[in-house]
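For ligands, and for the atoms within them, numbers begin at 1 and follow the listed sequence.
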Amino acid sequence: MAPIAIGIHGGCGTPARELLGEADWAETKAHLEQSLRAAWAILAAGGKALDAVEAAVVVMEDSPHFNAGHGAALTEAGAHELDASIMEGAGMAAGAICAARAIRNPIRAARAVMEKSDCVLLAGDAADAFARKAGLATVPNSYFTTERRRQALASLKARAARGTIAMASEAERHGTVGAVALDAGGTLAAATSTGGFNNKPVGRVGDSPIIGAGTYARNGVCAVSCTGQGELFIRRVVAYDVAARMHYAGQTLEQATDAQIFDVLTGHQIGAGLVAVDAAGHVRAPFNTLGMCRGWIEADGAIHIATHKDVERRGVAARG
Ligand code: ASP
């Protein structure tokens, strides 16, 4: 049987364990598992990697525990501007939206841009208008707000006033969600969605909607979704660089992802992580922060979920 695989991340800005209660962690993990299972059901039924990564990301966008969709970060003006992208490795088709303010599930809009327009990236009001026209759900900007993000914004503004911004935790600052998949037909896909950085300048766009920086997929090589300080990921073209290391330099998925996260990005002293899958269905999810919500199911069906260092096994998903 041809291998299938799904890998997800919920951002490398995961709070320290003691900052959230047991119930919050249990729900965070339940939503990670739900995201994995939604994708796996599609892949196990012979469905497309593209559908699987979209389904996985939608679950995390709808969850308040991740910085994407409901639960997204706030700009310095106290509003939400959302970025997302999706890519399929067969024809290297891609779509993205950035600085959108009303699209309930930004990843669905990224896919609509890919499939229903001649563009790769639509920004701001044009992205919102495009989503409405494509029949996607739109919501008031306040739908995305949660108490946790409001507190993070207040805390960052207080730090900025005191000149202690450098001491802010990764969790206060940022997060993202992403998914990568391999389907039974050998096609790879990647998807990423984010509210970006808390207290970001209005109009700031990170790496998540930039193909090659935050998201990349190429059949026969790998699919990658990134999380961390977007400016560095754009300058280092991180997702593409992982694929290039494998394709041109013959590195394994492990070598290529470890080199990016632990050598290149750690060298810049930024929090960074990613999830990636190769053409054989191996999943890697390296990060250099305290924690990164993540999960994966490889060909054997074993479900893995983690928020910090330890990885939990959660049974085996059927192949059907
Ligand atoms: N990469 C995202 C951005 O810069 C943030 C993150 O992943 O934490 O917008």
Undergrad: Answer yes if the side chains of T307 and T14 hold a donor-acceptor pair under 3.5 Å, and no otherwise.
TA: no

Undergrad: For the hydrophobic clusters of this structure (ILVMFWY residues joined by side-chain heavy atoms under 4.5 Å, transitively), does one cluster hold both V224 and L253?
TA: yes

Undergrad: Please confirm whether E231 comes within less than 3.5 Å of ligand 1 when only nitrogen or oxygen atoms on both sides are compared.
TA: no

Undergrad: Taking only residues two or more places apart in sequence, or in another chain, which ones meet P3 in a side-chain contact (heavy atoms from CB on, under 4.5 Å)?
TA: L182, A299

Undergrad: Using a 4.0 Å heavy-atom cut-off, say whether R204 meets ligand 1 through its side chain, its backbone, both or neither.
TA: side chain

Undergrad: Go through it in stages, so that I can follow the logic: the residues are K48 and T187, the test is side chain to side chain contact (heavy atoms under 4.5 Å, CB included), and I'd like the CA-CA distance, side-chain angles, deciding distance and then a yes or no.
TA: CA-CA 8 Å; K48 286 161 57 162; T187 285; over 6 Å; no

Undergrad: Would one find an N or O of Q229, backbone or side chain, under 3.5 Å from an N or O of ligand 1?
TA: no

Undergrad: For G196, take its heavy atoms, then give the atoms of ligand 1 lying under 4.0 Å from any of them.
TA: 9 (O)

Undergrad: Got a donor-acceptor contact below 3.5 angstrom from the S85 side chain to the S208 backbone?
TA: yes

Undergrad: Do the charged groups of E76 and K200 touch, with an N to O distance under 4.0 Å?
TA: no

Undergrad: So, does G228 sit close enough to ligand 1 that a heavy atom of it is under 4.0 Å from the ligand?
TA: yes

Undergrad: Return the closest protein heavy atom for atom 7 (O) of ligand 1 as residue, atom name and distance.
TA: T176 OG1, 2.6 Å

Undergrad: Numbering the atoms of ligand 1 from 1, which are under 4.0 Å from a heavy atom of D207?
TA: 1 (N), 2 (C), 3 (C), 4 (O)

Undergrad: Look at the rings of H70 and Y143 and say which category their plane angle falls in: under 30° parallel, 30 to 60° tilted, over 60° perpendicular.
TA: tilted

Undergrad: Which atoms of ligand 1 have any heavy atom of G175 under 4.0 Å away?
TA: 5 (C), 6 (C), 7 (O), 8 (O)

Undergrad: Counting each atom of ligand 1 from 1 as listed, which ones have a heavy atom of T227 under 4.0 Å away?
TA: 6 (C), 7 (O), 8 (O)

Undergrad: Considering distance alone, does some N or O of C226 sit under 3.5 Å from an N or O of ligand 1?
TA: no

Undergrad: Going by distance only, is there an N or O of H174 that falls short of 3.5 Å from an N or O of ligand 1?
TA: yes

Undergrad: Are D278 and R284 within salt-bridge range, i.e. N to O under 4.0 Å?
TA: no

